[in-house]
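In what follows, a structure is listed as structure tokens, so that the remarks can point back to it.
Atoms within each ligand, like the ligands themselves, are counted from 1 in listed order. These numbers come from a predicted model, not from an experiment.
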Amino acid sequence: MTKKLIAGNWKMNGGLDANQALVLELLAGIGQPACDVAVCPPAPYLGQVQLLLAGSKAVELGAQDVSRHESGAYTGDVSAAMLKDFGVRYCIVGHSERRQHQAESDVHVALKVQRALAAGITPIVCVGETLREREEGMTEFIVKRQLSAVVHLNGHCISEIVVAYEPVWAIGTGQTATPSQAQQVHAVLRAQLKAATEHAERVRILYGGSMNAANAAELLAQPDIDGGLIGGASLKAPDFLKIVAAAG
Ligand code: 13P
């Protein structure tokens with residue numbers, strides 16, 4: 001069985017001092033985790049966090065976004081090759097906050113996934129419905145549409161991705177999906193992956209959205225929940241470490 005993955009998405013938080021304190025506290029407390037662990041700081045701090053993590057096998061480095069272009073006149077973009085230069089192992093792609101605020105379409109997300117894979121970076125592809133979409137009974141349709149764009153463009157490489165189901169209504173709200181609500185959607189995503197690759201069982205499907213030290217164990221016990229993508233709780237080392245321990 002593949003190891004679970006717990007990834008911390010720091011979003012646009014932190015600074016040199018806070019990052020250092022957080023990483024040092026994580027490294028001091030993590031020991032030898034039974035799962036894979038990653039932290040995803042904002043892009044300007046990748047170099048700092050890379051150095052802080054140097055020598056640790058327990059925590060890997062992730063990024064929060066990648067350009068869909070290879071190189072050139074794209075002011076502000078950061079390419080997959082640049083991320084690779086800083087030892088980035090994972091890259092969040094298509095987070096709902098980027099779909100919403102930066103107008104990222106399914107096709108943009110699929111192109112970013114392609115760039116990450118080509119650079120040897122594992123994309124963590126985020127999908128998830130809004131509250132309105134859930135209320136209208138559209139959840140399955142939305143997550144399948146979002147994932148199918150990625151499957152379509154990345155075909156035979158699809159078993160190399162990580163998927164994160166993040167219901168938009170659960171992000172930063174304290175309103176977590178129940179384990180059975182989450183499992184239901186994860187099963188839909190697993191079935192979709194099975195139709196695309198014989199290695200679908202190997203693809204980790206993370207849950208994200210108000211996952212915390214108190215609710216992680218129950219969510220992670222679901223058969224198709226293979227880890228977590230953690231926002232707020234990843235900024236507090238004791239909480240993040242409890243989630244890591246729950247994934248053991
Ligand atoms: P919260 O854990 O703060 O709800 O954020 C989840 C998330 O968006 C992770 O990418």
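In summary, Glu140 and Arg145 do not engage in a salt bridge, as defined by a charged side-chain N under 4.0 Å from a carboxylate O. Between Lys4 and Asp36 there is no salt bridge, since none of the side-chain N atoms of the basic residue sits less than 4.0 Å from a carboxylate O of the acidic one. Salt-bridge annotation for Asp65 and Lys112: present, with a side-chain N of the basic residue lying under 4.0 Å from a carboxylate O of the acidic one.
Interface of Gly232 with ligand 1, defined as ligand atoms under 4.0 Å from a residue heavy atom, comprises 1 (P), 2 (O), 3 (O). Interface atoms of ligand 1 facing Gly231, defined by a heavy-atom separation under 4.0 Å, are 1 (P), 2 (O), 3 (O), 5 (O), 6 (C), 9 (C). Of all atoms in ligand 1, listed by their number and element, those nearer than 4.0 Å to a heavy atom of Glu166 are 6 (C), 7 (C), 8 (O), 9 (C), 10 (O). Close approach to His95 involves these atoms of ligand 1, each under 4.0 Å from a residue heavy atom: 7 (C), 8 (O), 9 (C), 10 (O). Each of the atoms 4 (O), 6 (C) of ligand 1 lies under 4.0 Å from some heavy atom of Gly209. Close approach of ligand 1 to Lys11 (heavy-atom distance below 4.0 Å) involves ligand atoms 5 (O), 6 (C), 7 (C), 8 (O).
Counting heavy atoms closer than 4.0 Å to ligand 1, residue Ala170 contributes backbone atoms (N, CA, C, O) but none from C-beta onward. With a heavy-atom cut-off of 4.0 Å, Ile171 touches ligand 1 through backbone and side chain alike.
In this comparison of Ala7, Gly174, Gly172, Gly8, the heavy atom closest to atom 4 (O) of ligand 1 sits on Gly172.
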- [ ] Begin with the C-alpha distance, continue with both residues' side-chain angles, and end with the deciding distance and a verdict on salt bridge (charged side-chain N to carboxylate O under 4.0 Å, His left out) for Arg68 and Asp77.
- [x] CA-CA 9 Å; Arg68 66 180 193 270; Asp77 271 20; over 6 Å; no

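Ligand 1 has an N or O atom lying under 3.5 Å from an N or O atom of Asn9, backbone or side chain.
In this structure, Gln64 contributes its side chain and Lys11 its backbone to a donor-acceptor pair below 3.5 Å.
In this structure, the separation between OG1 on Thr2 and CZ on Arg204 is 6.5 Å, given to the nearest 0.5 Å.
Ring geometry, Tyr74 versus His69: the interplanar angle falls under 30°, so the pair is classed parallel (tilted spans 30 to 60°).
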